[in-house]
S.K.: 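Let me begin by handing over the structure; questions about it come next.
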Amino acid sequence: MAVQKPSIPKGTRDFNTNEMVRRNYIFDVVRNVFQIFGYQPIETPAMENLSTLMGKYGEEGDKLLFKILNSGNYLDGLPEAVNGMEASQTNRQDTGSRLQYLTKHIAEKGLRYDLTVPFARFVVQHQNELVFPFKRYQIQPVWRADRPQKGRYREFFQCDVDVIGSNSLLYEVELAQIIDAIFSKLGLKVLIRLNNRKVLAGIAEAIGAPDKLTDITVAMDKLDKAGMDKVTDELVERGLSYEAIEKLQPILTLEGKIKEKFETLTAFFKDSEVGLKGLEEMKTVLLFLKDLGLKNKFDFDITLARGLSYYTGTIIEVKALEAAMGSICGGGRYDDLTGIFGLPGMSGVGISFGADRIYDVLNELNLFPEAIQSATRVLFVNFGPEEEKYCLKLLAVLRKAGIPSEIYPESAKLKKQMEYANRKKIPFVILTGLNEMESGLLTFKNMQTGEQKSCTADEIQKTLTW
RNA sequence: GUGGUCGUAGCUCAGUUGGUUAGAGCGAUAGAUUGUGGAUCUAUAGGUCGUGGGUUCAAGCCCCAUCUUCCACCCCA
């Protein structure tokens with residue numbers, strides 16, 4: 001058989017031991033903070049029924065879903081018409097609908113696109129077993145059939161925290177605290193941007209275009225990247241009247257202190273109930289945060305939009321201040337995500353940390369602690385069968401004391417064994433030959449400084465115990 | 001989905017207007033050194049030039065397709 005070149009699918013990656021140690025460091029920090037705030041873990045399957053996933057992420061999202069081909073002869077039961085259509089209908093629209101029809105028949109499962117929608121499904125399915133408000137965290141990979149580029153992968157890990165079954169704004173505050181705690185622990189300076197969908201709805205209402213909410217937000221979101229001219233162009237393109245745009249512009253360029261933004265917007269929203277409600281919510285959250293004194297900066301940013309269609313209240317996005325990377329954490333409140341699965345009136349709020357992007361940023365800024373680099377702390381050199389037996393007992397003692405340790409598997413040349421320790425960055429080596437066995441004093445070498453001394457097993461254990 | 005970009009040894013990269021047997025550095029392995037790693041020296045191994053077609057007397061180099069990498073747009077973590 002011909003040898004095939006090993007490879008993995010586009011946008012996926014292997015992680016070597018070094019990378020995994022660092023990734024686990026991130027997961028550990030995140031998990032610990034989640035737990036401290038009283039969240040509990042769940043997991044859901046990598047694949048969901050397509051009916052669960054479709055239509056939850058907007059039109060774009062549907063296209064980015066990885067679909068799983070049915071097992072068996074998936075062409076069975078497919079109407080002849082689908083194949084017959086091929087020749088006769090060639091225009092693009094028909095191809096589209098034919099594809100949609102075909103997909104529905106040959107694929108009924110898909111890989112999850114995020115953790116929030118599966119969570120909503122989970123909550124509805126297990127509603128009778130859960131205690132509400134239900135606080136859960138979930139750290140698992142998700143998949144998107146996107147084109148890979150900087151900070152964008154087809155398989156990546158999300159770390160979600162959500163609470164469902166309460167509309168208390170205390171949870172918004174709690175999530176901001178979680179963000180602050182995690183990034184502080186990771187040593188990453190971030191900006192927490194906050195906004196509220198109701199504020200955005202209020203803006204659309206106040207400029208007389210309530211039906212254009214999505215168009216307005218999508219365009220607005222690009223303000224810092226594209227600039228006012230481009231945003232205006234896009235708004236025109238999306239069918240907004242000049243009058244509306246004129247009203248919108250002063251709001252978009254709103255700068256300065258949070259207090260001033262509130263004053264301007266309160267006046268702006270005098271006829272918009274939803275806008276005022278959004279402002280009220282924002283005010284509550286921001287006052288709490290101000291009082292709590294977070295380590296990281298936060299800001300009320302009305303240009304923050306966030307695409308996912310299910311958000312209804314607060315929206316949150318976090319950016320690293322010292323690295324060029326998209327958002328590394330985002331989320332918001334969704335008032336009725338469970339409604340579609342038959343459980344209405346269940347408000348939830350949650351955020352998602354993008355582990356892979358956080359990794360890239362920490363790596364770029366050299367923020368991974370040195371101490372996590374090596375796993376094994378001490379290596380026993382192997383001098384032969386007798387010595388082996390002797391060392392195995394000492395090894396068991398060290399391991400029982402919680403010291404990661406190992407023995408070289410054969411009595412190879414010392415050079416080779418030392419090199420092994422060196423390359424694995426094992427900080428200490430114990431040499432136990434016949435001399436040492438007789439005297440009971442082991443040769444203990446520090447690989448970093450190069451110095452070595454004779455010690456008893458007890459002394460070594462003490463040195464290695466922190 | 002749209003536009004661009006990259007691919008030669010494990011890694012980073014040379015490779016002339018298309019012309020014999022495709023090179024270097026680092027790394028790896030072995031030895032110099034039989035109880036001591038990092039430094040030095042010596043030797044050795046390692047390549048279907050991403051893949052598949054095509055043009056040509058001749059292709060790493062030119063053409064087409066395809067896969068992959070990276071980047072921008074769209075969208076997003």
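Chain letters run A, B, ... following the sequence lines, proteins first, then strands; residues in each count from 1. Any value given below was found using the heavy atoms of this structure, including those in side chains, with hydrogens, waters and symmetry copies removed.
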S.K.: Determine whether a donor-acceptor pair (N or O, by modelled atom type, separation under 3.5 Å) exists between the side chain of D146(A) and the backbone of P148(A).
M.R.: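 No; judged by distance alone, with no hydrogens or angles, the pair does not exist.
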S.K.: If you look at every strand shown and take non-hydrogen atoms under 4.0 Å, does R423(A) touch a base, only sugar-phosphate, or nothing?
M.R.: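 Sugar-phosphate contact only.
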S.K.: Looking at rU36(B), does its base get a donor-acceptor pair with the side chain of Q452(A) below 3.5 Å?
M.R.: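 Answer is yes: a donor-acceptor pair is held.
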S.K.: Taking NZ, NE, NH1 and NH2 as the nitrogens, is one of them in R238(A) or E234(A) under 4.0 Å from a carboxylate oxygen of the other?
M.R.: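 Yes.
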S.K.: Answer yes or no: is there an ion pair linking K135(A) with E174(A), defined by an N-O contact shorter than 4.0 Å?
M.R.: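 Salt bridge: yes.
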S.K.: Would you indicate what G433(A) reaches in the nucleic acid, counting non-hydrogen atoms under 4.0 angstrom: base, sugar-phosphate, or nothing?
M.R.: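 Base contact.
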S.K.: Using the test side-chain contact (heavy atoms from CB on, under 4.5 Å), find all partners of S166(A) that sit at least two apart in sequence or belong to another chain.
M.R.: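 So S166(A) forms a side-chain contact (heavy atoms from CB on, under 4.5 Å) with P133(A), S168(A), Y171(A).
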S.K.: When the distance from CG of D114(A) to P of rC75(B) is rounded to whole Å, what number comes out?
M.R.: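 To the nearest whole Å, that distance equals 18 Å.
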S.K.: Report yes or no: is there a donor-acceptor pair, N or O only, under 3.5 Å between the side chain of R144(A) and the base of rC76(B)?
M.R.: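 No pair found.
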S.K.: Considering every strand and a 4.0 Å limit on heavy-atom distances, what is the contact class for G11(A): base, sugar-phosphate, or nothing?
M.R.: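 Touches sugar-phosphate only.
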S.K.: Side chain of L431(A) only, please: which of rU36(B), rC70(B), rC76(B) is the nearest?
M.R.: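 Out of rU36(B), rC70(B), rC76(B), the nucleotide with an atom closest to L431(A)'s side chain is rU36(B).
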S.K.: Which one, rA77(B), rC75(B), rG38(B), comes nearest to the side chain of S327(A)?
M.R.: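 The answer is rA77(B).
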S.K.: Measure the distance between the ring centre of F353(A) and the centre of the six-membered base ring of rA77(B), then answer whether it is under 5.5 Å with planes under 30°.
M.R.: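 Base of rA77(B): not stacked against F353(A).
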S.K.: Any Lys/Arg nitrogen of E48(A) or R112(A) sitting under 4.0 Å from an Asp/Glu carboxylate oxygen of the other?
M.R.: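 Result for this pair is no, no salt bridge flagged.
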S.K.: Do R136(A) and I164(A) come within less than 4.5 Å of each other through their side chains, counting heavy atoms only?
M.R.: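 Result no, sub-4.5 Å side-chain heavy-atom pair not found.
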S.K.: Let me know which of F34(A), Y39(A), F27(A) forms a ring pair (Phe, Tyr, Trp, His ring centres under 6.0 Å) with Y137(A).
M.R.: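 Testing each of F34(A), Y39(A), F27(A) against Y137(A), the sole residue satisfying ring pair (Phe, Tyr, Trp, His ring centres under 6.0 Å) is F34(A).
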S.K.: On a plain distance test, is the side chain of E436(A) in donor-acceptor contact with the base of rG35(B) below 3.5 Å?
M.R.: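 Side chain to base: pair present.
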S.K.: How far apart are the C-alpha atoms of N382(A) and S411(A), what are their side-chain angles, what is the distance that settles it, and do they pass the side-chain hydrogen bond (donor to acceptor under 3.5 Å, both in side chains) test?
M.R.: CA-CA 5 Å; N382(A) 188 327; S411(A) 63; 4.8 Å; no
S.K.: Across the strands shown, which category fits Q149(A) at heavy-atom distances under 4.0 angstrom: base, sugar-phosphate, nothing?
M.R.: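 Counting heavy atoms under 4.0 Å across all strands, the contact made by Q149(A) includes a base.
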S.K.: Go through the steps for F183(A) and F353(A) under the test ring pair (Phe, Tyr, Trp, His ring centres under 6.0 Å), then give the verdict.
M.R.: CA-CA 10 Å; F183(A) 289 117; F353(A) 291 79; 5.6 Å; yes
S.K.: Over how many whole Å does the gap from D215(A) atom CG to rC75(B) atom P extend?
M.R.: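 One finds 11 Å between P of rC75(B) and CG of D215(A), rounded.
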S.K.: NA contact type, K222(A), heavy-atom cut-off 4.0 Å: base, sugar-phosphate, or nothing?
M.R.: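 If one applies the 4.0 Å heavy-atom cut-off, K222(A) turns out to touch the sugar-phosphate alone, with no base involved.
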S.K.: Given rG31(B), rC74(B), rG35(B), which nucleotide is nearest the side-chain atoms of N435(A)?
M.R.: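 Within the option list, the nearest is rG35(B).
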S.K.: Just to be sure I understand the rule, does L414(A) reach a base, reach only the sugar-phosphate, or reach nothing, if contact means heavy atoms closer than 4.0 Å?
M.R.: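 Counting heavy atoms under 4.0 Å across all strands, the contact made by L414(A) includes a base.
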S.K.: M447(A) side chain: which of rC74(B), rG37(B), rC71(B) is closest?
M.R.: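 The nucleotide sitting nearest to the side chain is rG37(B).
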S.K.: So that I can tick it off, tell me whether R31(A) and D28(A) are bridged by a salt bridge, with the cut-off set at under 4.0 angstrom between side-chain N and carboxylate O.
M.R.: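 R31(A) and D28(A): salt-bridged.
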S.K.: What's the gap between rG47(B) and rA14(B) when it is taken at their C1' atoms, as a whole Å value?
M.R.: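 My reading of the C1' atoms in rG47(B) and rA14(B) gives 15 Å.
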S.K.: Do any N or O atoms from the side chain of D299(A) and from the backbone of R193(A) form a donor-acceptor pair under 3.5 angstrom?
M.R.: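 No: the side chain of D299(A) does not pair with the backbone of R193(A).
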S.K.: Mind checking if E317(A) touches a base, just sugar-phosphate, or nothing, with heavy atoms under 4.0 Å?
M.R.: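 Nothing: the residue E317(A), judged by heavy atoms under 4.0 Å, touches no strand.
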S.K.: Given atom CG of L379(A) and atom P of rG37(B), what is their separation to the nearest angstrom?
M.R.: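 My rounded result for the distance is 14 Å.
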S.K.: For nucleotides 50-52 of chain B, give me every protein contact, N/O to N/O, under 3.5 Å, one pair per line with atom names.
M.R.:
{"unit_1": "rG50(B)", "atom_1": "O2'", "unit_2": "K5(A)", "atom_2": "NZ", "d": "3.2"}

S.K.: Check every atom of rC75(B), rA77(B), rU29(B) against the side chain of E60(A) and return the nucleotide holding the closest atom.
M.R.: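 Looking only at heavy atoms from C-beta outward on E60(A), the closest nucleotide is rC75(B).
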S.K.: Say we look at rC13(B) and rG7(B): how far apart would their P atoms be, to the nearest angstrom?
M.R.: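 Roughly 9 Å separates the two P atoms.
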S.K.: Would you tell me if any nitrogen or oxygen in the side chain of K10(A) comes within less than 4.0 Å of OP1 or OP2 on rU68(B)?
M.R.: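 It does, given that an N or O in the side chain of K10(A) lies less than 4.0 Å from OP1 or OP2 of rU68(B).
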S.K.: Determine the contact category for G61(A): base if any of its heavy atoms lies under 4.0 Å from a base atom, sugar-phosphate if only primed atoms, P, OP1 or OP2 are that close, otherwise nothing.
M.R.: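 Touches nothing.
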S.K.: Please classify the nucleic acid contact of E387(A) as base, sugar-phosphate, or nothing, using heavy-atom distances under 4.0 Å.
M.R.: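 No contact at all - E387(A) keeps every heavy atom at 4.0 Å or more from the nucleic acid.
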S.K.: Please work out the stems of RNA chain B from pairs that are Watson-Crick or G-U wobble with both distances under 3.5 Å, keeping only runs of three or more consecutive pairs.
M.R.: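 Counting only runs of 3 or more consecutive pairs, the stems involving RNA chain B are B:1-4 with B:70-73, B:10-13 with B:23-26, B:28-32 with B:40-44, B:50-54 with B:62-66.
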S.K.: Can you figure out which of rA30(B), rU36(B), rG38(B) approaches the side chain of N422(A) most closely?
M.R.: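 For N422(A), the side-chain atoms sit closest to rG38(B).
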S.K.: May I ask you to verify whether the side chain of R147(A) and the base of rC73(B) hold a donor-acceptor pair under 3.5 Å?
M.R.: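 There is none.
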S.K.: State plainly whether the residues R22(A) and E19(A) are in salt-bridge range, i.e. N to O under 4.0 Å.
M.R.: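 Salt bridge between R22(A) and E19(A), a charged N being under 4.0 Å from a carboxylate O: no.
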S.K.: Does a side-chain N or O from K150(A) land closer than 4.0 Å to OP1 or OP2 of rU69(B), or not?
M.R.: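 Looking at the OP1 and OP2 atoms of rU69(B), neither is under 4.0 Å from any side-chain N or O of K150(A).
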S.K.: At 4.0 Å (heavy atoms only), tell me whether G58(A) reaches a base, stays on the sugar-phosphate, or touches nothing.
M.R.: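 It contacts nothing in the nucleic acid.
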S.K.: Between rC71(B) atom C1' and Y153(A) atom OH, what is the distance in whole Å?
M.R.: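 In whole Å, rC71(B) C1' lies 13 Å from Y153(A) OH.
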S.K.: Under 4.0 Å between any heavy atoms, over every strand shown, what does T443(A) touch: base, sugar-phosphate, or nothing? Just pick one.
M.R.: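 It contacts base atoms.
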S.K.: Under 4.0 Å, heavy atoms only, any strand: does V142(A) hit a base, just the sugar-phosphate, or nothing?
M.R.: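 No contact at all - V142(A) keeps every heavy atom at 4.0 Å or more from the nucleic acid.
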S.K.: Between N446(A) (CG) and rG37(B) (P), how many Å, whole number?
M.R.: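 So the two atoms are 16 Å apart, to the nearest Å.
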S.K.: Heavy atoms under 4.0 Å, any strand shown: does K445(A) hit a base, just sugar-phosphate, or nothing?
M.R.: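 The answer is base, as K445(A) lies within the cut-off (heavy atoms under 4.0 Å) of a base atom.
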S.K.: How far does the C1' atom of rA9(B) sit from the matching atom of rC64(B), given to the nearest Å?
M.R.: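 Nearest-Å result for rA9(B) against rC64(B) at atom C1': 29 Å.
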